[in-house]
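Report on one structure; see the data block that follows.
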Amino acid sequence: DQTKLTEQIDSLKPDNRRVEVVIPAYNEEKRIGRTLDAITVMPEVDAVLVVFEGNDRTPEIAKQYQKVRVHVADRRLGKGGAIKKGIEEAKAVERIAVMDADLPISPENFRQLLRIDDADLIIVKRNFKNITKTRLMLHKGFKLLTKLFFPSLMWVGDFQAGVKVMRADKAKEVLNELIINDLLIDVNLIYAFKRRGYKIREVELPYVHDEVNSKISKKLLKVIILMFLSLIKLRVYY
């Protein structure tokens with residue numbers, strides 16, 4: 001019928017979304033609304049893709065926003081798996097931005113990142129405004145260990161910031177190299193861009209650490225062990 005024909009024609013048209021924000025969300029009903037309030041009103045952002053896994057009201061909240069679509073996973077993806085799914089499903093023709101659900105940088109600074117146009121991957125060096133001494137010590141230890149495993153990344157000041165902006169075509173090109181499904185996805189992504197010779201730029205920004213709602217802090221020892229094992233896995237893979 002005519003409706004199906006129109007849908008088929010529309011599906012053949014090139015997408016005009018210049019920038020799409022991917023948000024991995026595991027039971028983020030307490031934080032996702034505030035983040036979407038800030039991001040969806042930005043003129044630089046054409047669309048937002050929330051990749052949801054869990055069992056709370058995150059999808060219901062996210063679907064209330066006009067620019068937002070939601071991918072509901074039928075299995076546990078992990079942060080890395082959610083980011084990979086987001087890159088795969090994103091329809092942006094220019095850039096894909098990845099943002100943690102807690103909006104760890106100010107909207108103004110996020111818009112600043114989206115205006116940078118001289119790199120294939122933009123990563124954030126976190127200037128922490130509130131973080132426990134334990135988390136800071138572990139952050140520094142992880143950074144040192146990662147550089148020992150991957151000496152070509154010695155120049156990187158921070159691997160784990162939850163905000164990144166990348167060229168959409170380059171991001172999709174490295175998808176087959178992204179083998180990590182957990183929190184080490186950041187290292188996997190940065191190294192995949194680096195080894196292909198893509199330009200990476202690091203920007204230092206104020207960063208808010210949400211200790212109260214942090215899922216990592218509630219199972220810190222387990223996370224440390226899993227990230228160390230993933231680091232070994234990634235080094236063996238390459």
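Between G86 and L49 the shortest heavy-atom distance is O-CD2, 3.7 Å. When all heavy atoms are compared, the tightest approach of E53 to A73 is CB-CB, 4.3 Å. When every heavy atom of K79 is checked against every heavy atom of D100, the shortest pair comes out as NZ-OD1, 3.1 Å. Considering all non-hydrogen atoms of both residues, P104 and V163 come closest at CG-CG2, 3.9 Å. When all heavy atoms of A92 and I96 are compared, the pair lying nearest together is CB-CG1, 4.4 Å. Residue L114 comes nearest to A97 through the heavy atom pair CD2-CB, 4.1 Å, listed as atom of the first residue, atom of the second, then distance.
Remark: side-chain polar atoms of N55 are not paired, donor with acceptor, to backbone N or O of N27 under 3.5 angstrom. Judged purely by atom type and a 3.5 angstrom limit, E20 uses its side chain to pair as donor or acceptor with the backbone of K91. Between the side chain of K84 and the backbone N or O of N181 there is no donor-acceptor pair closer than 3.5 Å. Of the possible donor and acceptor atoms, one in the side chain of K143 sits under 3.5 Å from a partner among the backbone N and O of G157. Using modelled atom types, no side-chain atom of N127 and backbone atom of L205 make a donor-acceptor pair closer than 3.5 Å.
With values rounded to the nearest 0.5 angstrom, L231 atom CG is found 12.5 Å from L226 atom CG. Atoms CG and CD1, from L178 and I185 in turn, are 4.5 Å apart once rounded to the nearest 0.5 Å. Atom-to-atom distance recorded for D120:CG and D169:CG is 8.0 Å, nearest 0.5 angstrom. Between the NZ atom of K233 and the CE atom of M227 there is a distance of 13.5 Å, given to the nearest 0.5 Å. Interatomic distance, I23 CD1 to I83 CD1, rounded to the nearest 0.5 Å: 11.5 Å. Interatomic distance, CG of L103 versus CZ of F110, reported as 8.5 Å (0.5 Å rounding).
Between L121 and K170, the closest side-chain pair of non-hydrogen atoms is not below 4.5 Å. Inter-residue side-chain proximity for Y238 and F150 is flagged as met; some heavy-atom pair is nearer than 4.5 Å. Counting heavy atoms from C-beta on, the side chains of I105 and P206 never come closer than 4.5 Å. Within the 4.5 Å cutoff, the side chain of V50 has no heavy atoms near those of the R69 side chain. Side chains of M166 and L189 form a contact here, defined as non-hydrogen atoms less than 4.5 Å apart. Looking at Q64 and L36, their side chains never come closer than 4.5 Å, going by heavy atoms from C-beta outward. Contact of the V45 side chain with the T40 side chain is not registered, since no non-hydrogen atoms from C-beta on lie closer than 4.5 Å. Annotation: side chain of E108 is not in contact with side chain of Q112 (no heavy-atom distance under 4.5 Å).
Of the candidates R111, R34, M99, I39 forms a side chain to side chain contact (heavy atoms under 4.5 Å, CB included) with just one, namely M99. The only member of V156, V165, D186, D158 that meets side chain to side chain contact (heavy atoms under 4.5 Å, CB included) when paired with I123 is V156.
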Take I61 and E29 through the side-chain contact (heavy atoms from CB on, under 4.5 Å) test and state the conclusion after the steps.
CA-CA 7 Å; I61 297 170; E29 66 179 12; 3.9 Å; yes
Would Q160 and L183 satisfy side-chain contact (heavy atoms from CB on, under 4.5 Å), going step by step from the backbone distance to the final call?
CA-CA 8 Å; Q160 295 299 112; L183 296 170; 4.3 Å; yes
Step by step, would you call R115 with E44 a side-chain contact (heavy atoms from CB on, under 4.5 Å)?
CA-CA 8 Å; R115 294 190 191 107; E44 295 87 353; 3.5 Å; yes
I would like to know whether K85 and H71 meet side-chain contact (heavy atoms from CB on, under 4.5 Å); could you show each step before the answer?
CA-CA 9 Å; K85 175 56 69 173; H71 173 89; 3.8 Å; yes
List the steps, then state whether salt bridge (Lys or Arg N to Asp or Glu O under 4.0 Å) holds for E28 with R31.
CA-CA 5 Å; E28 291 289 357; R31 306 192 286 187; 2.9 Å; yes
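Cluster annotation: V41 is not connected to V22 through the hydrophobic network of ILVMFWY side chains, with a link wherever side-chain heavy atoms come within less than 4.5 Å. When the side chains of ILVMFWY residues are joined at heavy-atom separations under 4.5 Å, either directly or via intervening members, I232 and L145 end up in a single hydrophobic cluster. Hydrophobic clustering (ILVMFWY, side-chain heavy atoms < 4.5 Å, transitive): F149 and V236 are in one cluster. Taking hydrophobic clusters as Ile, Leu, Val, Met, Phe, Trp and Tyr residues chained together by side-chain heavy-atom distances below 4.5 Å, W155 shares a cluster with V187. Under the 4.5 Å side-chain heavy-atom criterion for Ile, Leu, Val, Met, Phe, Trp and Tyr, M137 and F142 are members of distinct hydrophobic clusters.
We find that E94 and R167 are not joined by a salt bridge, their nearest charged nitrogen and carboxylate oxygen being 4.0 Å or further apart.
A donor-acceptor contact under 3.5 angstrom links the side chains of Y65 and D37, judged on distance only.
Among pairs with a residue in residues 194-205, those fulfilling side chain to side chain donor-acceptor pair (under 3.5 Å) read D118-R201, E173-Y198, E177-R195, E177-R196, at least two apart in sequence or across chains.
Atom OH of Y237 has more than 12 heavy atoms from other residues, nucleotides or ligands within 6.0 Å.
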